[in-house]
Amino acid sequence: MQAKPPSWDTPSLDDLLSTHPAQAWADLTFAPLEQDRRDLRRTLQVWLGHNTNADSAAAELEVHPQTIRGRLRSAERLLQRSLLAGAAGTHDLVIALFITGGIPTSPGRLQPLSPALLQRPQGTGPGDCADVPC
């Protein structure tokens, strides 16, 4: 059996993600980050925009890469999801950033992450921020 083509009435992904319930979900997703004085949401936005590369995200934010990693560990704790151990914890965040205008393209149009990014990055273990303010 062939899949039935969508009708003209079928909303697009962009339409679905622009609904009030989707906006409320995205806002709730990021709400725990408000417990921290640093702009963890912006850090996540830039880090995801750089395909989870802490070095290039740090260059854009003009901070040390260890500062990025420290902020991401704080975000992991607040959001109760793994970010540095692989991309699995980032899927919802990418969608929430799109909904709230934090990324310019819908999640269905994003480039896939490279397999190398699914591995735990070097230097992301406990205590990596000992010499650098995070």
Side-chain angles (χ1 to χ4, degrees):
M1 298 183 87
Q2 289 187 338
K4 182 179 171 185
S7 71
W8 291 105
D9 308 14
T10 304
S12 69
L13 178 59
D14 291 345
D15 292 337
L16 292 172
L17 294 179
S18 65
T19 64
H20 178 72
Q23 182 69 49
W25 169 82
D27 291 341
L28 285 173
T29 297
F30 291 121
L33 299 179
E34 300 304 317
Q35 298 174 36
D36 195 287
R37 63 178 170 75
R38 299 164 292 179
D39 192 351
L40 298 180
R41 184 172 170 170
R42 173 78 175 133
T43 299
L44 283 168
Q45 177 184 356
V46 171
W47 178 68
L48 289 167
H50 284 274
N51 211 16
T52 69
N53 183 300
D55 293 331
S56 60
E60 180 175 330
L61 293 174
E62 298 178 345
V63 297
H64 194 278
Q66 293 294 49
T67 300
I68 297 294
R69 291 181 187 101
R71 290 176 184 176
L72 292 171
R73 280 192 293 280
S74 295
E76 283 181 320
R77 180 181 47 79
L78 292 168
L79 297 172
Q80 299 181 1
R81 65 178 67 225
S82 176
L83 301 173
L84 292 168
T90 64
H91 298 145
D92 287 356
L93 299 178
V94 170
I95 294 167
L97 280 170
F98 172 73
I99 291 170
T100 60
I103 58 173
T105 186
S106 68
R109 295 185 186 108
L110 293 177
Q111 295 296 321
L113 295 175
S114 71
L117 291 173
L118 300 178
Q119 303 301 315
R120 184 177 183 90
Q122 293 286 338
T124 56
D128 285 341
C129 284
D131 297 8
V132 180
C134 297

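At least one side-chain heavy atom of Pro65 sits under 4.5 Å from a side-chain heavy atom of Arg69. The shortest side-chain heavy-atom distance between Leu61 and Arg71 falls under the 4.5 Å cut-off.
Taken from CG in Asp14 to CG in Leu16, the straight-line distance is 9.0 Å, to the nearest 0.5 Å. To the nearest 0.5 Å, atoms CD1 (Ile95) and OG1 (Thr90) are separated by 9.5 Å. A distance of 10.5 Å separates CG in Leu72 from OG1 in Thr67, rounded to the nearest 0.5 Å. One finds the CD atom of Glu60 at 11.5 Å from the CG atom of Asn53 (value rounded to the nearest 0.5 Å).
Summarising the geometry of Trp47 relative to Leu83, their closest heavy-atom pair is CH2-O, 3.5 Å, with the distance given to 0.1 Å. Here the shortest heavy-atom pairing between Leu97 and Gln45 reads CD1-CA, 3.8 Å.
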Side-chain donor-acceptor distances from residues 21-35 under 3.5 Å, at least two apart:
from	atom 1	to	atom 2	distance (Å)
Gln23	NE2	Asp27	OD1	3.0
Thr29	OG1	Trp25	O	2.8

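In the hydrophobic clustering of ILVMFWY residues, with side-chain heavy atoms under 4.5 Å counting as a link, Ile99 and Leu13 come out together.
The backbone N or O of Asp39 lies less than 3.5 Å from a partner atom in the side chain of Thr43, making a donor-acceptor pair.
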